[in-house]
> 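Dropping the structure in here first, questions after.
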Amino acid sequence: MATTATRRSRSILDKLAVPDSEGYSVKELYLNNHDLKPVELERRTWRFINFLNFWMSDAFNINTWQISSAMIVAGLSWWQAWICVWVGYGLVALFVALNGRAGAVYHIGFPPYVRASFGIIGAYWPVFNRALMACVWYAVQAYLGGQCITLVLRTLAPSFATLTNTMSESSGTNTRDFIGFFLFWTLSLPALWFPVHKIRHLFTAKAIIVPLAGIGYMAWMIVKAKGIGPIISQPATISGTAWSWAMVNGIMSAINNFATLVVNDPDFSRFARKPSDAMWSQIIGIPVSFGFTSLIGILVSSSATVIYGETIWSPLDLLHRVLDEDPYAAGPRAAVFFIALAFSLAQLGVNIAANSISAGSDLTALFPRFINIRRGSYFCAALALLMQPWQLLSSANKFTSYLSAYSLFLSSIAGCMMTDYFIVRRGRLSVPDLYTFDKRGHYWYTAGINWRCIVAYLSGIIINIVGFVGDVSGKPIPIGALRIYQLAFFTGFGLSSIVYYVLCRIWPIPGMETSGWHEDLEYEPDMPRPRDEEMKVSVESGEMEAIGAKSDKDGIAEHKSYFSH
């Protein structure tokens with residue numbers, strides 16, 4: 001009986017396994033499957049223009065508008081807010097491109113890449129952390145997309161605006177907005193089916209359609225505000241120290257908005273045709289795309305101040321305000337319809353690019369045998385129904401506070417990863433060792449965990465913990481702790497980087513390089529290589545160990561199986 005039950009259990013598990021898991025052993029499937037392995041040549045389809053389209057597509061979303069509009073709410077003038085945008089996104093573009101470098105060179109995504117710094121087992125924590133954030137943001141962006149659908153329905157049936165609310169006031173939303181959210185969530189599901197290397201055409205379409213709608217929206221609001229003059233003449237409403245820290249917070253809001261993408265950019269850069277396609281396209285494309293989008297958001301928000309005498313930080317709330325003036329006016333209804341429809345496409349694109357793909361990739365690394373990117377994306381979408389994203393969007397202050405909170409944890413991860421790759425290893429990665437439990441591998445460390453990285457990661461969090469607790473609880477904290485927390489991305493990134501480097505100098509790690517640059521630009525994942533320390537050449541004796549003769553003993557045969565499927 002026991003044998004029969006065991007066979008049935010194995011049969012069920014085999015049926016639940018991802019379709020492309022055949023050929024991998026059970027042990028291998030704890031670390032690898034088709035979506036986790038290095039990208040082969042056929043799937044490296046992203047060129048320079050594809051990355052530009054990707055970031056232009058990603059930039060045009062409501063979240064970006066709200067971040068720039070929140071700077072106006074904080075008291076900055078339009079041009080001061082725009083300077084914050086350029087500085088913030090310009091700086092974060094460097095972090096994105098640099099952390100994506102390993103993905104473009106070795107064609108690996110974030111989950112395998114982070115194993116190099118945190119260890120084969122230790123990597124599960126940053127992967128889980130990133131997956132959780134991706135799921136939360138999928139819910140937030142889906143709710144914003146749902147508000148776009150609500151606007152579309154209002155233009156088609158003006159009575160939809162006064163739909164009877166059957167939800168309690170404490171829920172944080174209403175029946176009308178929840179219907180929009182559920183419709184957007186449902187309509188997004190088919191788009192999650194397509195693999196990453198094929199979805200690039202969606203970003204191209206979005207990069208054309210949505211900017212045109214945004215420009216039309218801006219022109220419409222400027223006309224309603226009686227020209228650009230009244231808009232640009234609005235001064236800042238704060239000065240002195242308050243103004244200085246409002247500028248700093250504006251810059252940090254732009255950076256914090258990118259904390260997740262800094263960490264997991266390898267999930268996209270691994271599809272680059274060559275490393276330079278993923279480098280300069282992102283360094284240039286991110287500040288230009290987000291600077292252009294933010295300018296539209298800033299001018300629209302400033303227009304609202306002129307038109308209505310108050311700053312409306314959400315572009316969707318402003319469209320609702322326009323419809324409230326005359327719900328049956330044909331012209332405004334048509335304009336709102338097309339703008340809201342374009343924004344729906346914008347939310348769909350950003351949710352796939354920044355959230356569902358990332359969550360799917362991370363969940364794949366947590367459960368490689370049963371989850372691939374497609375299944376992980378649908379799991380992420382299912383979690384969005386259980387969250388309450390509208391609570392995070394109830395005010396500008398709450399929204400920006402949340403950005404700072406989650407960037408605190410991710411910046412420390414990024415600090416460890418980038419220091420490990422660029423300073424400690426100087427570009428060298430032993431890719432086969434990223435996919436094995438072999439204790440002799442470079443990345444096994446101590447029981448699969450790089451304790452140096454864990455200490456550095458915690459150091460980056462601890463320095464900000466007082467500010468984090470004060471921000472969450474609303475209780476007063478020392479001004480010094482507050483200022484450190486307002487710079488959470490840099491303080492977390494900087495301290496974790498320093499601590500990790502110092503610990504590696506005192507207690508060196510396998511594969512550590514002390515001089516030169518060792519990045520392997522010719523690496524081909526379809527041609528697995530043995531670990532570096534197993535290639536021992538004695539110049540004096542002229543002898544070389546025959547690696548092939550003892551491959552089974554040293555685990556080389558095991559490594560080869562990871563790249564033969």
> Can you tell me if R44 uses its side chain to pair, donor with acceptor, with the backbone of R270 under 3.5 Å?
no
> Quick one: does S294's side chain get under 4.5 Å of I67's, heavy atoms only?
no
> Over all heavy atoms of both residues, which pair between Y217 and P315 is shortest? Give the atoms and the distance, please.
OH-O, 2.7 Å
> Is there a side-chain contact between S303 and M218 in this structure, where contact means two heavy atoms from C-beta onward sitting under 4.5 Å apart?
no
> Quick check: closest heavy atoms across I72 and A81, and the distance to 0.1 Å?
CD1-CB, 3.9 Å
> Quick one: are L183 and L153 in side-chain contact, heavy atoms under 4.5 Å?
yes
> Report the distance from atom CG of L319 to atom CD1 of I339, rounding to the nearest 0.5 Å.
5.5 Å
> May I ask you to decide if F110's main-chain N or O and D267's side chain share a donor-acceptor pair within less than 3.5 Å?
yes
> Can you list the steps and then say if S356 with N351 is a side chain to side chain donor-acceptor pair (under 3.5 Å)?
CA-CA 6 Å; S356 70; N351 231 6; over 6 Å; no
> So I296 and T293, do their side chains get closer than 4.5 Å, heavy atoms only?
no
> Name the orientation class of the two ring planes belonging to F489 and F493 (parallel below 30°, tilted from 30 to 60°, perpendicular beyond 60°).
parallel
> Hey, mind stepping through R101 and L98 against side chain to side chain contact (heavy atoms under 4.5 Å, CB included) and telling me if it holds?
CA-CA 5 Å; R101 176 72 180 180; L98 289 174; 5.6 Å; no
> Determine whether F160 and I179 make a side-chain contact, defined as any pair of heavy atoms from C-beta on separated by less than 4.5 Å.
yes
> Tell me if a side-chain donor or acceptor on N50 pairs with a main-chain N or O of R47 at a distance below 3.5 Å.
yes
> Give me the atom names and distance for the closest heavy-atom approach of M71 to G250.
CE-O, 3.1 Å
> Which is it for W65 and F343 under the side chain to side chain contact (heavy atoms under 4.5 Å, CB included) test, yes or no, and what are the steps along the way?
CA-CA 11 Å; W65 285 52; F343 279 5; 3.8 Å; yes
> State the CH2-CD1 distance between W79 and I298, to the nearest 0.5 angstrom.
12.0 Å
> Under the 3.5 angstrom rule, does the side chain of N256 hit a backbone N or O of M252 as a donor-acceptor pair?
yes
> Measuring from atom CG of L323 to atom CG of L151, what distance do you get when rounded to the nearest 0.5 angstrom?
6.5 Å
> Given N165, which partner from the list D177, N174, T175, T173 fulfils the side-chain hydrogen bond (donor to acceptor under 3.5 Å, both in side chains) test?
T175
> Starting from the C-alpha separation in whole Å, work towards a yes-or-no answer on ring-ring contact (aromatic ring centres under 6.0 Å, His included) for W280 and F48.
CA-CA 8 Å; W280 297 108; F48 186 94; 9.3 Å; no
> N99 side chain to V262 main-chain N or O, any donor-acceptor pair under 3.5 Å?
yes
> Might you point out which heavy atoms bring D277 and R273 nearest each other, and give the distance in Å?
OD2-NE, 3.3 Å
> Over all heavy atoms of both residues, which pair between A139 and F181 is shortest? Give the atoms and the distance, please.
O-CE1, 4.1 Å
> Can a donor-acceptor pair be found, under 3.5 Å and without considering hydrogens, that links the side chain of S496 to the backbone of G460?
no
> Classify the angle between the aromatic ring planes of F468 and F409 as parallel (below 30°), tilted (30 to 60°) or perpendicular (above 60°).
perpendicular
> Under 6.0 Å from the six-membered ring centre of W193 and within 45° of its axis: does the NZ or CZ of R374 meet both?
yes
> Please determine, by modelled atom types, if N355 and Q141 share a side-chain donor-acceptor pair under 3.5 angstrom.
no
> State the CD1-CE distance between I312 and M221, to the nearest 0.5 angstrom.
9.5 Å
> Would you check if the side chain of T155 reaches a backbone N or O of F337 as a donor-acceptor pair within less than 3.5 Å?
no
> Let me see the working for E310 and T305 under side chain to side chain contact (heavy atoms under 4.5 Å, CB included), right down to the final yes or no.
CA-CA 5 Å; E310 62 176 300; T305 305; over 6 Å; no
> Evaluate salt bridge (Lys or Arg N to Asp or Glu O under 4.0 Å) for R154 paired with D324, printing each intermediate quantity in order.
CA-CA 10 Å; R154 276 198 67 179; D324 289 340; 3.1 Å; yes
> Specify the closest pair of heavy atoms between V114 and P111, including all atoms of both residues, with the distance to one decimal.
CG1-O, 3.3 Å
> Working note: F182 + Y143, criterion ring-ring contact (aromatic ring centres under 6.0 Å, His included); need CA distance, chi angles, decisive distance, verdict.
CA-CA 8 Å; F182 186 77; Y143 187 72; over 10 Å; no
> Between atom CG of L192 and atom CZ of R375, what is the distance when rounded to the nearest 0.5 Å?
14.5 Å
> Does E325 reach the side chain of Y308, with side-chain heavy atoms less than 4.5 Å apart?
yes
> Within the side chain of T162, is there an N or O that forms a donor-acceptor pair under 3.5 Å with the backbone of S159?
yes
> Would you find a donor on one side and an acceptor on the other, under 3.5 Å apart, between the side chain of T364 and the backbone of G360?
yes
> Quick one, W55 with V288, criterion side chain to side chain contact (heavy atoms under 4.5 Å, CB included). Give me CA distance, side-chain angles, the key distance, then yes/no.
CA-CA 9 Å; W55 289 118; V288 170; over 6 Å; no
> Given side chains that start at C-beta, do those of Q147 and F184 come closer than 4.5 Å, heavy atoms only?
no
> Does A59 offer a backbone N or O that forms a donor-acceptor pair with the side chain of T64 under 3.5 Å?
yes
> To the nearest 0.5 Å, how far apart are CG in N264 and CE in M417?
8.5 Å
> Look at the aromatic rings of F258 and F290 and report parallel, tilted or perpendicular, splitting at 30° and 60°.
perpendicular
> With a 4.5 Å heavy-atom cut-off, do F490 and L91 have their side chains touching?
yes
